[in-house]
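We use all heavy atoms of the structure for the numbers below, so side chains are in, but hydrogens, waters and symmetry mates are not. In what follows, chains carry the letters A, B, and so on, assigned in the order in which the sequence lines appear, proteins first and then strands, with residues in each chain numbered from 1.
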Amino acid sequence: MAKNFTSRKEDYSQWYNEIVIKADLADYSAVRGSMVIKPYGYAIWEMMQAALDKKFKDTGHVNAYFPLFIPKSFFSKEAKHVEGFAKECAVVTHYRLKNDETGVVVDPDAKLEEELIVRPTSETIIWDTYKKWVQSWRDLPILVNQWANVVRWEMRTRLFLRTSEFLWQEGHTAHATRLEAEEEAKKMLGVYTDFAENFMAMPVLQGIKTENERFAGALETYCIEALMQDGKALQAGTSHFLGQNFAKAFDVKFLSKENKLEYVWATSWGVSTRLMGALIMTHSDDSGLVLPPKLAPFQVVIVPIYRKEEEKITVIEKGKQIKAELERVGIRVKLDDRDTQKPGFKFAEWEFKGVPLRIAIGPRDITNNTVELARRDTLTKSVTDMEGLREQVLDLLDEIQNNLFAKALDFRNTHTTVVNSWDEFKDVLENKGGFIMAHWDGTSETEEQIKAETKATIRSIPLDYDNSEEGVCVYSGKPSKGRVVFAKSY
RNA sequence: CGGGGUGUGGCGCAGUUGGUAGCGCACUUGACUGGGGGUCAAGGGGUCGCAAGUUCAAGUCUUGUCACUCCGACCA
């Protein structure tokens, strides 16, 4: 058990914060609501980026980069969009400082003609650009992704889950037809789902947002929702079908094959460093971080154990051999040959940092031609023969990946409850948490009242929404065409 | 923006009715150690968030101010 570490049961929020800080993922910075992502945390983000980026490219997308600053006037072009983001924008008003008696001050003479908004998302600047790129149906589709930082001036921030500045990717696509855009939005939701489940080992529920929860400016918001260990839902990714809203706002038209002038159809989709929070809260335990092998910067850590100098030489030599052998098949290995820390310390440290597999080698192992293998997910150890180690490691990494997913899926299944009455709804929400499948009358009023009374929101209307099962709304008693997913959320 | 909490060596904290700052971890050096966060010894490091005020004397009292954090409202 980790020293000086709060358990999930004691205080889930504190447990989360401590993991982030003590596992060296990130730290608070001098700037309110902004964090420093430390090398180990950034390495995990880079693993995520690499996997996602490959998926984007495999589905025909290319990367580009658009400006951080957006002219203020751009925001007023799409009414819903400005409404959604106006309250959380950082605004640049001046471009110069100067010295006076009190020190450095903003130079009042350096006021910008038009204020610049630090992007909270890039639809506006990108659609202003697409106007120049699109004339003909032959210019479509545009399938562009951007890796960037964005700023949303949130009231309350939490490491990774909600910071004022965060890293993300935002895909912005332009299409000739409605159908093609809708399919793109769904396709990218599929990409996110695949990534969440097969890389993060995090089961997600695919769905559609209700009007209340929809992205500002979208006709339809598709989302994946994950369930955290404290029973709260976390929106892990969104993909928006934007219709022609932005094309109309920025006047992006093209001549179709039929020689007709038409507005372009759009999508946008994104996931952020929030996924780091999701990853932590899905798998980690009271001994610290637990990483799925596919995203672990180090999949295997080798800890040499020795007393005398001769032992050190043989043991580290063996460690290097094993490392090289594992790396030959693409396994990411760290040989922790630091002479400044004791083995016990290293065990504890790597365990806390979530490395999936640990190999310990000491003089005993050299004699017996064995190693000690320890699994992070089950915290079990076994002594195993050096022969066939590589295959065993490969198998174990797979097994750990699968086991983490299975565990998370099992948790979600046991924390998904079908409820049929209002009392039951409140009881489950209060005492059990998790996803609640309940009938809803389809109105925003009901949704808002439920939120006001219980803090639960409709996470999504499931994509596999079963509209054959009719019933009555759990709150209003009015007719309902199917069950939707309620939960308290991050 | 409302409500709570906290600001004292790098980190976590203590500091009584005001009397000039201490503990644990970390750090440095050395020895012994080394299969789950070692032991012993000797060291280094703080104008107590900031600013005024009361006082012979302020970490401590008063006023103001700033920052961070937690719980809400808002959001990915």
> Take the protein atom CD of A:Gln341 and the nucleotide atom P of B:C27, then report the distance between them rounded to whole Å.
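That distance rounds to 7 Å.
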
> Counting only side-chain heavy atoms from C-beta out, which of B:G35, B:A73, B:C70 sits nearest to A:Ala360?
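When the side chain of A:Ala360 is considered, B:G35 is the closest of B:G35, B:A73, B:C70.
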
> Can you tabulate the close N/O pairs, meaning under 3.5 Å, that link protein atoms to atoms of nucleotides 38-44 of chain B?
from  : atom 1 : to       : atom 2 : distance (Å)
B:G38 : N7     : A:Lys342 : NZ     : 2.3
B:G38 : O6     : A:Lys342 : NZ     : 3.1

> Rounded to the nearest Å, what distance is computed from the CD atom of residue A:Glu309 to the P atom of nucleotide B:G34?
15 Å

> Mind checking the C1' distance from B:C61 to B:C48? Whole angstroms is fine.
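Each nucleotide's C1' atom is 16 Å from the other's.
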
> Measure CD/A:Glu349 against P/B:A26 and give the value in whole Å, please.
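Rounded to the whole Å, the gap is 13 Å.
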
> Which whole-number value in Å describes the distance from A:Lys312 NZ to B:G34 C1'?
12 Å

> Look only at the side chain of A:Lys294 and the backbone of A:Leu397, and say whether a donor-acceptor pair between them is shorter than 3.5 Å.
no

> Give me the distances for all protein-to-nucleotides 74-76 of chain B N/O pairs that come in under 3.5 Å?
from  : atom 1 : to       : atom 2 : distance (Å)
B:C74 : O2     : A:Glu154 : OE1    : 3.4
B:C75 : O2'    : A:Glu154 : OE2    : 2.9
B:C75 : O2     : A:Arg162 : NE     : 2.5
B:C75 : N3     : A:Arg162 : NE     : 3.1
B:C75 : N3     : A:Arg162 : NH2    : 2.8
B:A76 : O3'    : A:Gln235 : NE2    : 2.8
B:A76 : O3'    : A:Arg274 : NH1    : 3.2
B:A76 : O2'    : A:Arg274 : NE     : 2.8
B:A76 : O2'    : A:Arg274 : NH1    : 2.0
B:A76 : O2'    : A:Arg274 : NH2    : 2.9
B:A76 : N6     : A:Thr163 : O      : 2.5
B:A76 : N3     : A:Ser272 : OG     : 3.4

> Would you say the rings of A:Trp269 and A:Phe56 are close, in the sense that their centroids are separated by under 6.0 Å?
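Judged by ring-centre distance (under 6.0 Å), A:Phe56 and A:Trp269 do meet the cut-off.
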
> Are A:Leu275 and A:Phe195 close enough, and set up right, to give a side chain to side chain contact (heavy atoms under 4.5 Å, CB included), and what steps lead you there?
CA-CA 11 Å; A:Leu275 289 180; A:Phe195 173 75; 3.9 Å; yes

> Can you tell me how far P of B:G10 sits from CG of A:Asp27, to the nearest Å?
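Those two atoms, CG and P, are 15 Å apart.
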
> Within the side chain of A:Asp286, is there an N or O that forms a donor-acceptor pair under 3.5 Å with the backbone of A:Arg8?
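Looks like yes, one N/O pair under 3.5 Å.
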
> Name all stems that contain residues of RNA chain B, defined as runs of 3 or more consecutive Watson-Crick or G-U wobble pairs, both distances under 3.5 Å.
B:1-7 with B:66-72, B:10-13 with B:22-25, B:27-32 with B:38-43, B:49-53 with B:61-65

> Do A:Asp285 and A:Arg376 sit within salt-bridge range, that is, some charged N less than 4.0 Å from a carboxylate O?
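Looking at A:Asp285 and A:Arg376, the cut-off is met.
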
> Give me the one residue out of A:Ser268, A:Ser122, A:Ser272 that meets side chain to side chain donor-acceptor pair (under 3.5 Å) with A:Glu170.
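Going through A:Ser268, A:Ser122, A:Ser272 one by one, the side chain to side chain donor-acceptor pair (under 3.5 Å) with A:Glu170 is satisfied by A:Ser122 alone.
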
> Output every pair passing side chain to side chain donor-acceptor pair (under 3.5 Å) with a member in residues 34-48 of chain A, not counting sequence neighbours, ordered by first then second residue.
A:Asp24-A:Lys38

> Any donor-acceptor pair under 3.5 Å joining the side chain of A:Arg307 to the base of B:G35?
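Side chain to base: no pair below 3.5 Å.
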
> For RNA chain B, find the residues of residues 184-199 of chain A with a heavy-atom distance under 4.0 Å and give them by number; none if there aren't any.
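Residues of residues 184-199 of chain A that come under 4.0 Å of RNA chain B do not exist, since none gets that close.
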
> Just to verify, what does A:Ser382 make a side chain to side chain contact (heavy atoms under 4.5 Å, CB included) with, not counting sequence neighbours?
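Side chain to side chain contact (heavy atoms under 4.5 Å, CB included) list for A:Ser382, sorted by chain: A:Leu373.
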
> To the side chain of A:Ala348, which of B:G36, B:C70, B:G72 is closest?
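Minimum distance to the A:Ala348 side chain belongs to B:G36.
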
> Sub-3.5 Å donor-acceptor pair from the side chain of A:Thr282 to the main-chain atoms of A:Met202, do we have one?
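Not at all, since once roles are kept as given, no pair shorter than 3.5 Å links the two residues.
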
